[in-house]
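In the text below, chain A, chain B and the rest are named by the order of the sequence lines, each starting its count at 1. All values reported here derive from a predicted model rather than from experimental measurement.
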Amino acid sequence: MPELPEVELVARYLRPHLLGRRIARIATTRPSYFFLTAPALLQKQLPKRSVTSLTRIGKYLIAGLDNQQSLLLHLGMTGQLIMASVHNPRLVTSKQKQLREGSTLTEFVPDEHTHLSVYFDDQGPLLYFRDTRKFGKVRLLGVGQSDPRLDKLGPDALTISTSDLVLASRSRRAKAKALLLDQTVLAGVGNIYADETLYSAGIHPERPANALSESDCAALAKTIRSILRKSIRAGGSSIDDYVHPDGSDGSFQTRFNVYDRQGEDCRRCNGKIQRIVIGQRSTHFCPNCQR
DNA sequence: GTTCCCCTGCGG
DNA sequence: CCGCAGGGGAAC
């Protein structure tokens, strides 16, 4: 689900619902590589802590705690952060919405994919971290402790500059698509926004990075920032699952020019959108508009 | 830099 | 049955 716009929207939604609240207890599923910090340790450390901040860096979220520790979260491919209360039922996934219409389901019920449930002292809505594929991550960072994953991140994609891209592309033979997906070059762009960016900038996804001119880099930087902001304004992209912690959907998926549009007409010329694979990721582009 | 793998579910 | 999925890290 989540690339930068979706993670940013999750952060914006959660902040007013999370900041200042004190954790009473948590419930977790069994240890798995989803838990970079063992569930038992989380259960020992999190209770009695208050959440003091929520920051997004690239596709990561960092919840600051009142003892200067912090909780590092990544949603992976299918992660969802859900704010829900049994007293004020909220719907969760499109699938559950469908289920609800034809059944008696009236509230979010934590299931086997709900790996973390956070209860608060105020008895208010709970925070759930649900993730079917378990590609998401949870890690408790001690005081002053950093994480190699964060340390390696490049500049945030929302503020990427031309010179950032010029510098990174010069020495790389990787394809342009791979460049945009490389989180050490810029943090936050994923498969959808990489394809959409390359289309809007008129750059072929297989163009070698070191063959990008300075004006190409300028176009890329400007387009990345612009598309991510537009998506945020549209509530992000919702494909199979919900985006927002209250179960509502974004709408940017209706404005895709290339992503998942293979075989369909290009909106700019009359060519057909192609699909190829780059670095194990599906890649969509217009062979006519992108060179 | 590219390939394989982690995991579950969906649709053809 | 197979391929595919919004992510990323480890291994060649």
(request) Calculate the interatomic distance between A/Gln253 atom CD and C/dG6 atom C1'; express it in whole Å. (result) 12 Å
(request) Answer yes if the ring centres of A/Phe34 and A/His115 are under 6.0 angstrom apart, and no otherwise. (result) yes
(message) Using a 3.5 Å distance criterion without hydrogens, assess whether the side chain of A/Arg229 forms a donor-acceptor pair with backbone atoms of A/Arg233.
(response) no
(message) Partner lookup for C/dG6, please. Criteria are Watson-Crick or G-U wobble with both distances under 3.5 angstrom; report none if nothing qualifies.
(response) none
(request) Take atom C1' in C/dC1 and the same atom in B/dC6, then report the distance between them in whole Å. (result) 22 Å
(message) From the set C/dG8, C/dA5, C/dG6, return the single nucleotide nearest to any side-chain atom of A/Asp240.
(response) C/dG6
(request) Taking only the side-chain heavy atoms of A/Glu3 (C-beta and beyond), determine which of B/dG1, C/dG8, C/dG7 contains the nearest atom. (result) C/dG7
(message) Looking at A/His74, I'd like to know whether one of its side-chain N or O atoms comes within less than 4.0 Å of OP1 or OP2 on C/dG8.
(response) yes
(message) To the closest 0.5 Å, what do you measure between CZ (A/Arg56) and CG (A/Leu61)?
(response) 8.5 Å
(message) What residues from residues 131-141 of chain A pass a heavy-atom cutoff of under 4.0 Å to DNA chain C?
(response) A/Arg133, A/Phe135
(message) Classify A/Tyr60 by what it touches in the nucleic acid, base, sugar-phosphate, or nothing, heavy-atom distance under 4.0 Å.
(response) sugar-phosphate
(message) At less than 4.0 Å, is any side-chain N or O atom of A/Thr78 found next to OP1 or OP2 of C/dG6? Yes or no.
(response) no
(message) If you compare every side-chain N and O of A/His113 against the phosphate oxygens of B/dG9 (OP1, OP2), does one of them come in below 4.0 Å?
(response) yes
(request) Scan A/Tyr193 against the nucleic acid and name what it touches under 4.0 Å (heavy atoms): base, sugar-phosphate only, or nothing. (result) nothing
(request) Apply salt bridge (charged side-chain N to carboxylate O under 4.0 Å, His left out) to A/Asp182 and list each qualifying residue two or more places apart in sequence or on a separate chain. (result) A/Arg172
(request) Find the partner of B/dC7: check Watson-Crick (N1-N3 plus N6-O4 or O6-N4) and G-U wobble (N1-O2, O6-N3) distances, both under 3.5 Å, and reply none if neither fits. (result) none
(message) Within a 6.0 Å radius of atom CZ on A/Arg173, are there more than 12 heavy atoms belonging to other residues, nucleotides or ligands?
(response) no
(request) Run the ring-centre check on A/Tyr259 versus A/His284 and record whether the distance is less than 6.0 Å. (result) yes
(request) Report the hydrophobic cluster partners of A/Ile278, with the cluster defined as I, L, V, M, F, W, Y residues connected by side-chain heavy atoms closer than 4.5 angstrom, directly or transitively. (result) A/Ile276, A/Phe285
(request) For A/Glu264, look at atom CD and say whether over 12 heavy atoms of other residues, nucleotides or ligands are found less than 6.0 Å away. (result) yes
(message) Taking the P atom in each of C/dC4 and B/dT3, what is the distance between them to the nearest angstrom?
(response) 15 Å
(request) Figure out the CG/P separation between A/Asp260 and B/dC10, and round it to whole Å. (result) 17 Å
(request) Round to the nearest Å and state the distance from A/Asp182 atom CG to B/dT2 atom C1'. (result) 13 Å
(request) Check the distance between B/dC6's C1' and A/Phe35's CZ and give it to me in whole angstrom. (result) 16 Å
(message) Say we look at C/dG8 and B/dC10: how far apart would their C1' atoms be, to the nearest angstrom?
(response) 22 Å
(request) Take atom CG of A/Asp111 and atom C1' of B/dG9, then tell me their distance rounded to the nearest Å. (result) 13 Å
(message) I want to check one thing: is the phosphate of C/dG7, taken as OP1 and OP2, less than 4.0 Å away from some side-chain N or O of A/Arg149?
(response) no
(request) Figure out the NZ/P separation between A/Lys177 and B/dG1, and round it to whole Å. (result) 17 Å
(request) Answer with base, sugar-phosphate or nothing: what part of the nucleic acid does A/Ser32 contact at a heavy-atom distance below 4.0 Å? (result) nothing
(request) For A/Leu72 and C/dG8, give me the distance from atom CG to atom P, rounded to whole Å. (result) 12 Å
(request) Could you pick out which residue, A/Glu112 or A/Tyr33, lies toward the 5' side of DNA chain B when each is mapped onto its nearest nucleotide? (result) A/Tyr33
(message) Using the P atom as the point on both nucleotides, what is the distance between C/dG6 and B/dG1, in whole Å?
(response) 22 Å
(message) Side chains of A/Lys134 and A/Ser32: any donor to acceptor distance under 3.5 Å?
(response) no
(message) Using OP1 and OP2 only, check whether a side-chain N or O of A/Thr184 sits under 4.0 Å from C/dG8.
(response) no
(message) Could you tell me how far apart A/Met77 (CE) and C/dG9 (C1') are, to the nearest whole angstrom?
(response) 13 Å
